[in-house]
Amino acid sequence: MSSSTTPISPQLVSPTDDELLQAQANLWRHSLYYLTSMALRCAVKLGIPTAIHRLGGNATLPALITALSLPPAKLPFLCRLMRLLVSSGVFTTERGGAAAEAEAVYGLAPLSLFLVDGAFTGSEVDDGHTNQSAFVLAATSAHYVEAALGLDDWFMKDNVPAAASPFEAVHGAPLLHETPVDAELNRLVSEALVSQNHMGIGLALRESRRVFEGLESLVDCGGGDGAAARAIVRAFPGIKCTVLDLPQVIGTAPVADGAVDYVAGDMFSYIPPAQAVLLKYVLSHWSDDDCVKILAQCKKAIPSREAGGKVIIKDVVVGISSGLMLEAELLMDMAMMVMTSGRERDEQEWREIFTNAGFSDYKIMNKLGARCVIDVYP
């Protein structure tokens with residue numbers, strides 16, 4: 001007889017009746033959440049937000065069927081799609097008492113406003129009101145979903161480099177590689193990054209004026225088409241702004257108008273000298289080691305703290321938010337893990353990166369939704 005003993009599993013405590021029923025509902029929700037994402041994708045692909053906007057901001061289902069050129073027989077199915085999207089906060093609805101769902105009038109919620117083609121123009125775009133459809137279509141693309149489906153296999157393989165993502169393991173190349181996995185996906189992701197980086201820039205400038213006040217020069221690393229830099233110059237005319245991005249990005253930037261300079265380059269190798277360097281949701285896409293390398297280049301580019309030198313970071317700080325905002329941050333962290341070598345970080349993780357890059361201090365200046373503005377000092 002063996003002298004070894006078999007561990008005894010602790011006895012499970014049976015849930016109460018209420019807990020059992022809630023657990024069943026939660027099981028449905030968590031297992032089927034992807035259908036909410038796919039319903040949102042369907043709405044964007046069909047053009048439902050744009051159709052409601054063009055119908056005056058409110059539309060019945062029959063009006064949507066006509067505007068979208070859908071078969072009339074699909075009306076009851078469109079009703080079910082819209083019911084879910086109203087429940088999840090994508091659209092609004094008014095039923096007027098006991099009116100049937102088919103007679104409901106649907107409107108745009110704040111979320112769906114950002115999915116309307118051409119809804120924002122002029123000063124609204126300058127303020128960071130940009131279309132976010134590319135983000136939805138990239139995040140729900142077959143390539144993203146296939147990468148997520150490979151998550152368990154990625155965890156079990158010990159021959160996958162620590163920095164490699166499930167996306168790379170499934171598709172054979174990193175996201176946005178110079179040899180793209182899919183050209184259309186690259187286009188969508190690039191467009192999504194630009195729109196996400198610019199989203200809310202006006203709010204950030206209003207709420208974080210003290211971050212930019214007194215600056216004479218600034219480099220926007222990964223600044224894309226320069227929309228954010230131009231917004232900074234409009235708000236603070238005394239700041240000389242330079243946009244640094246990859247040659248293929250700078251090549252499509254607007255013609256220089258004197259307000260903003262464009263420099264093609266690699267932030268891992270060189271950042272033009274300036275009093276401050278701006279990193280808007282850049283570091284989340286990179287590993288800790290790569291973040292240290294980027295920040296080390298930033299430190300070379302700026303003067304001492306006494307001379308006003310600093311790095312301005314707009315990014316997620318996990319753990320400051322709660323509720324749905326925290327859930328959004330954690331979902332974005334999972335997206336970073338599945339699609340890139342990056343991550344969302346809590347304050348301690350940010351502190352370690354700043355210290356390893358040679359910085360002496362930092363200050364979380366503002367909380368703006370799911371992101372924070374952080375001043376980092378040499």
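Atoms considered below: every heavy atom in the structure, side chains included; atoms not considered: hydrogens, waters and symmetry mates.
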For T140, give me all partners under side chain to side chain donor-acceptor pair (under 3.5 Å), at least two apart in sequence or on another chain. R41

Could you work out, with side chain to side chain donor-acceptor pair (under 3.5 Å) as the rule, every residue matching E216, not counting sequence neighbours? none

What are the two closest non-hydrogen atoms of S360 and P378, and how far apart are they? OG-O, 2.7 Å

I need the K293 NZ to S269 OG distance, nearest 0.5 Å. 10.5 Å

Using a 3.5 Å distance criterion without hydrogens, assess whether the side chain of S217 forms a donor-acceptor pair with backbone atoms of Q275. yes

Quick one: are Q132 and L111 in side-chain contact, heavy atoms under 4.5 Å? no

Count the heavy atoms of every other residue, nucleotide or ligand shown that sit under 6.0 Å from CZ of F135, and state whether that count exceeds 12. no

For residues 319-328, pull every pair meeting side-chain hydrogen bond (donor to acceptor under 3.5 Å, both in side chains), keeping only residues two or more places apart or in separate chains. S321-E329, S321-K367

Begin from the C-alpha positions of R371 and Y281 and carry the test side-chain contact (heavy atoms from CB on, under 4.5 Å) through to its verdict. CA-CA 9 Å; R371 298 176 184 175; Y281 208 56; 3.6 Å; yes

Any donor-acceptor N/O pair, N186 side chain to V181 backbone, under 3.5 Å: no

Can you label the angle between the Y144 ring and the F167 ring as parallel, tilted or perpendicular, going by 30° and 60°? perpendicular

Is it true that atom CG of L32 has more than 12 heavy atoms of other residues, nucleotides or ligands lying nearer than 6.0 Å? yes

Check against side-chain contact (heavy atoms from CB on, under 4.5 Å), R206 and L203: CA-CA 5 Å; R206 289 192 298 273; L203 172 63; 3.9 Å; yes

Step by step, work out the side-chain contact (heavy atoms from CB on, under 4.5 Å) result for L185 and L175. CA-CA 9 Å; L185 177 66; L175 186 64; 4.2 Å; yes

Greater than 12 external heavy atoms within 6.0 Å of Y270's OH: yes

Which word best sums up how the rings of H143 and H171 line up, parallel for under 30°, tilted for 30 to 60°, or perpendicular for over 60°? tilted

Please find the pair of heavy atoms, one from G150 and one from V170, that lie closest to each other, and give the distance. CA-CG2, 4.2 Å

Using side-chain heavy atoms (C-beta onward) and a distance below 4.5 Å, is P49 in contact with F114? no

If you round to the nearest 0.5 Å, how far is NZ of K74 from CG of L61? 14.5 Å

Who are the side chain to side chain donor-acceptor pair (under 3.5 Å) partners of D375, not counting sequence neighbours? K310, Y377

Could you grab the distance from atom CD1 of I271 to atom OG1 of T242, nearest 0.5 Å is fine? 12.0 Å

Would you say L78 and I48 make side-chain contact, with heavy atoms under 4.5 Å? yes

Side chains of S133 and N131: do they bring a donor and an acceptor to under 3.5 Å? yes

Would you check if I313 and Y362 make a side-chain contact, meaning some heavy-atom pair closer than 4.5 Å? no

Please confirm whether the backbone N or O of Y106 pairs with a side-chain atom of T93, one donor and one acceptor, at under 3.5 Å? no

Heavy-atom pair with the smallest gap, counting every atom of G309 and I302: C-CD1, 4.0 Å

Kindly determine whether L218 and C241 satisfy side-chain contact (heavy atoms from CB on, under 4.5 Å), including the steps that lead there. CA-CA 5 Å; L218 178 144; C241 278; 4.1 Å; yes

Results of salt bridge (Lys or Arg N to Asp or Glu O under 4.0 Å) for K300 - residues two or more places apart only: none

Quick one: list whatever passes salt bridge (Lys or Arg N to Asp or Glu O under 4.0 Å) with R351, sequence neighbours left out. E347

Give me each pair satisfying ring pair (Phe, Tyr, Trp, His ring centres under 6.0 Å) with a member in residues 300-331, each pair once, sequence neighbours excluded. none

State whether the number of non-hydrogen atoms from other residues, nucleotides or ligands found under 6.0 Å of R187 atom CZ is greater than 12. yes

Going by the ring pair (Phe, Tyr, Trp, His ring centres under 6.0 Å) test, which pairs reach into residues 310-352, not counting sequence neighbours? W350-F354

For D18 and Q22, which I'm curious about, is there any donor-acceptor pair between the side chains at under 3.5 Å? no

For D346, does its backbone N or O pair with a side-chain atom of E349 as donor and acceptor, under 3.5 Å? yes

Which of D261, V260, L215 passes side-chain contact (heavy atoms from CB on, under 4.5 Å) with K240? It is D261

Do the side chains of C372 and I320 get nearer than 4.5 Å, heavy atoms only? yes

Kindly check if the number of other-residue, nucleotide or ligand heavy atoms within 6.0 Å of CG (D152) is above 12? yes

Scan residues 295-333 for pairs that pass ring pair (Phe, Tyr, Trp, His ring centres under 6.0 Å), counting only residues two or more places apart or in two chains. none

Nearest-0.5 Å distance that lies between atom OG in S304 and atom NZ in K299: 10.0 Å

Over all atoms of both residues, closest heavy-atom pair of T92 and L108: OG1-N, 4.0 Å

Do the non-hydrogen side-chain atoms of V189 and M339 ever get within less than 4.5 Å of each other? no

Given side chains that start at C-beta, do those of I374 and D315 come closer than 4.5 Å, heavy atoms only? no

So how far is it from L46 CG to L64 CG, rounded to the nearest 0.5 Å? 10.0 Å

Salt bridge (Lys or Arg N to Asp or Glu O under 4.0 Å) against D288, all qualifying residues, sequence neighbours excluded: R345

For D245, enumerate each residue passing the side chain to side chain donor-acceptor pair (under 3.5 Å) test, keeping only those at least two apart in sequence or located in another chain. none

Quick one: OG on S341 to CG on D290, what's the gap to the nearest 0.5 Å? 6.0 Å

With no hydrogens and no angle check, is any side-chain donor or acceptor of S112 less than 3.5 Å from a backbone partner on A109? yes

Got V311 and F359 here, is their nearest side-chain heavy-atom distance under 4.5 Å? yes

To check you understand the geometry: which heavy-atom pair defines the closest contact between A296 and A357, and what is its length? N-CB, 4.3 Å

What are the two closest non-hydrogen atoms of L68 and A51, and how far apart are they? CD2-CB, 3.7 Å

S284 and E344 side chains, donor-acceptor separation under 3.5 Å: yes

Please name all residues satisfying salt bridge (Lys or Arg N to Asp or Glu O under 4.0 Å) with R305, sequence neighbours left out, ordered by chain then number. D361

With a 3.5 Å distance limit and no angle check, can you tell me whether W154 reaches the backbone of A164 through a side-chain donor-acceptor pair? yes

